[in-house]
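In the text below, chain A, chain B and the rest are named by the order of the sequence lines, each starting its count at 1. Keep in mind the model is a prediction, meaning the values are calculated, not measured.
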Amino acid sequence: MSSFDETDAFEGASLAARAMAARPAPYLDDLNPAQREAVEALDGPVLMLAGAGTGKTKALTTRLVHLLNTGRARPNEILSVTFTNKAAREMKLRVGRLLGETVEGMPWLGTFHSICVKLLRRHAELVDLKSNFTILDTDDQLRLLKQLVQAAGIDDKRWPARQLAGVIDHWKNRAWTPDKVPAGEASAYDGKGVALYRQYQERLRELNAVDFGDLLLHMVVIFQNHEDVLKQYQRWFRYILVDEYQDTNVAQYMWLRLLAGGHKNICCVGDDDQSIYGWRGAEVGNILRFEKDFPGATVVRLEQNYRSTPHILAAAGGVISGNKGRLGKELWTEVDEGEKVRLIGHWDGEEEARWIGEEIESMQGGTRGMRPFSLDEMAILVRASHQMRAFEDRFLTIGMPYRVIGGPRFYERMEIRDAMAYFRLVVSPADDLAFERIVNTPKRGLGDKAQQKIQVAARQNGVSLLEGAAILLEEKGLSGKGAAELGRLVEGLRRWGRMAGDPSMSHIELAEVVLDESGYTEMWQNDKTPEAPGRLENLKELVKALEGFENLQGFLEHVSLIMDNESEEQGEKVSIMTLHAAKGLEFPAVFLPGWEDGLFPSQRSMDESGLKGVEEERRLAYVGITRAEELCTISFAGNRRVYGQWQSQMPSRFIDELPEDHVEVLTPPGLYGGGYGSAGLGGSGIESRAAEADGYNSPGWRRLQARAGQRPLSQPRESKASVIDAQAVSSHTVGERVFHQKFGYGAILGIEGDKLEIDFEKAGVKKVVAKFVSGADDIPF
DNA sequence: TGTCATCATCTTTTT
DNA sequence: GATGATGACA
């Protein structure tokens, strides 16, 4: 894990470089001609157009090693930027492997954001900040904006603060400070957008805080206004590598151009077909105009695909060819044909989840003449995260082990943020946002009125909320329970602050003391909701995570940037994630459910961005299909619940774009002869094998629907899960009160084999697998 | 001030 | 279906 130890970032070469004078380069032999060209074109601008699965990361890391190996730069003179922490880690790992040693000496390999934090800490004063500024998460940001909106007397129902946040984010992504917002944007947010943006920036400065967008924006401003600073870094970073260039926004683009302005030794890697972050301000245009920005650039295309079968590549290629203005690449492969992309329609979303669950079970044992797939080799990629739910419910029911990647992030959970707010307040007592968050958590009898008094006291005296509270107490401005509790809190924070300065006390102990004495832990212990045990567990994990850090401050810094949760529990599991989260990953077998117009392509994307929106969605489809190595299964449902309301769905337009020759249409499961009549493939241009059947209006289908409730949910197959479950059954009795990790507490109504029918207090009656249920009294924590 | 019920709104995608 | 905001009540 990267630490923020900046000491040797600019000092002499810490390891590898010393020994790096021109060694032989055996690693070059591992590359194909295109990759090799991209690696060996070391000087001047290089654009590497790397299609999906063409060995992009390999080329990039090899290039980095080659730079070191030829003695062109020392490890700390290379700036390499990625978008995600995961990608940065991966690169470090692979560079290390190629060098045959661990890479501690690459201080400037990281995400845009983490690198900008390092730089901004050094130059904070140039934008009126102190170098210990805090980084706000979206939650803090929103609360701050809400205050401003309300203070401006705006009806925040008609003009939600969320929207303002979006507008400001949009502007920051284009590197527009309040002064630079173009006149054409003046109508944003009821015409008050710019004024509020200005106020917001002012507030941030007062709080000595920045938001995510600021990290880049401030650095761009600094580089633009302070030539000496810019020059210094232009000299220092002798080579620049950029991953996922198609995802850069304007601010990032300007940042890169400024830094590369001198030597122009910049190598950008990307794939215009995989640009899927337009909604976040990414500009495909950046990659499309690279050659104009850097005349004489070497452009290398990586087109040999090492990941997928020809059928999969052809299907992906067919879909993406519908987009205009592509740089154009033709992926090819040497591997054998393999299976066609499979397409299947279902009656509704639940049926789809059920079918995929069963298909996964049979694929474990090998089915339809295919090799067996392990659960780790299979993934379900959805458009929107709410689609995951159907699968989770289903898999919980049948006892299929699964893992959700990129779900609700650990550090975004309520209890973690609360705890972090306490820590922040201990470290910096003037953190008003943190104070607001926890004054009345746990409940201290400090409602709106009391909090307003604190605000007033703070403002009148020109001090932080915490100090304001202290003054208010001295002046006896509060009484009763609230006063006593607030006194305890203020006192506590002072005490903990002293402890933080006491070297004899570890920050881990301190964290425990804070959570304990503040009553926060107790609050959850007394909480009877099903989430409480999990939250306590998370708090424990949080404290454990502190171990990797010197002090609370370092930890807070880390957390604000590393938002992904790396809880890699082992065990074979099916992966479920969004298409966005899947970028850069690959799986032997991939399921792509929910290909229905409105859902995918998403209605919102089409409404907001029109044709551009559809094209981005199409790229998303391309990303999805190209994640598959051997088998790709696309599905759609004729009906789906949207906002809790049933809606009939049309198959996605992208289905029409799949080239027929590379697609096999599967017959839907069940007793009804299948087919795709009214709700199915009509008009898709693809011949269904069962096209003659009248599909979902057939009597057989209706019969099936009528019986859906009683039908055994899955044909028991010899899976590991059910064997274990069978043994577990005997430990439960009808009427027993039990606890389930997802559904909470409930009473057992009946037992059927390895499944229990349980009346949950919150979730209602469900059938679940016994192994997910524990006695209500022995909850593990 | 805290709690409960009702109601509206909502859903992409994330550093 | 679920969450958040609002308002009546204890």
Mind listing the N/O atom pairs, protein and nucleotides 6-9 of chain C, below 3.5 Å?
none

Atom pairs, protein N/O to nucleotides 2-10 of chain B N/O, distance under 3.5 Å:
from: B/dG2; atom 1: OP1; to: A/Gly445; atom 2: N; distance (Å): 3.1

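Between A/Val642 and A/Ala450, the one whose closest nucleotide on DNA chain B sits nearer the 5' end is A/Ala450.
Per the geometry, CG belonging to A/Leu120 stands 20 Å off P belonging to B/dT15, to the nearest Å. The nearest whole Å value for the distance from the CG atom in A/Leu136 to the P atom in B/dT15 is 17 Å. Atom CD of A/Gln141 and atom P of B/dT15 are 15 Å apart (whole Å). The interatomic distance linking A/His170 (NE2) with B/dT14 (C1') rounds to 17 Å, in whole Å. Protein atom CG of A/Asp211 is 19 Å distant from nucleotide atom P of B/dT14, rounded to whole Å. Rounded to whole Å, atom C1' of B/dT13 lies 11 Å from atom CG of A/Asp247. A straight line from CZ of A/Arg618 to P of B/dT13 spans 21 Å, rounded to a whole angstrom. Look at CZ on A/Arg162: it is 11 Å from P on C/dA5, rounded to the nearest Å.
Nucleotides B/dT13 and C/dG4 have their P atoms positioned 16 Å apart, rounded to a whole Å.
A/Thr578 comes within 4.0 angstrom of the backbone, heavy atoms only, and of no base. Counting non-hydrogen atoms under 4.0 angstrom, A/Tyr277 reaches the backbone sugars and phosphates but no base.
Around atom CG of A/Asp448, no more than 12 heavy atoms belonging to other residues, nucleotides or ligands sit under 6.0 Å away. Counting non-hydrogen atoms of neighbouring residues, nucleotides and ligands closer than 6.0 angstrom, the CD atom of A/Gln150 exceeds 12 such neighbours.
Comparing atom distances between the A/Ala384 side chain and each of B/dT13, B/dT15, C/dA5 picks out B/dT13 as nearest. Considering only the side chain of A/Thr84, B/dT15 comes nearest among B/dT15, B/dT1, B/dT11. Side-chain proximity of A/Arg641 to the nucleotides B/dT1, C/dG1, B/dT15 is greatest for C/dG1. Closest approach to the A/Thr111 side chain among B/dT11, B/dT1, B/dT15 is made by B/dT15 (side chain taken as heavy atoms from C-beta onward).
A/His123 has its ring centre less than 6.0 Å from the ring centre of A/Tyr233. Taking the six-membered ring for Trp and the full ring otherwise, A/Phe83 and A/Phe112 have centroids separated by under 6.0 Å.
No hydrogens or angles considered: nothing links the side chains of A/Asn286 and A/Gln252 as a donor-acceptor pair under 3.5 Å. Of the N and O atoms on the side chains of A/Tyr520 and A/Asp418, at least one donor lies less than 3.5 Å from an acceptor on the other residue.
Just one residue in the list A/Glu350, A/Glu596, A/Gln647 forms a side chain to side chain donor-acceptor pair (under 3.5 Å) with A/Arg640, and that residue is A/Glu596.
Look at A/Arg437 and A/Asp139 and you find a salt bridge, because one of the NZ, NE, NH1 or NH2 atoms lies within 4.0 Å of a carboxylate O, short of that distance.
The backbone N or O of A/Asp273 sits nowhere less than 3.5 Å from a side-chain atom of A/Arg619 that would complete a donor-acceptor pair.
Between A/Phe212 and A/His113, the angle of the ring planes goes over 60°, which puts this pair in the perpendicular group of the 30/60° scheme.
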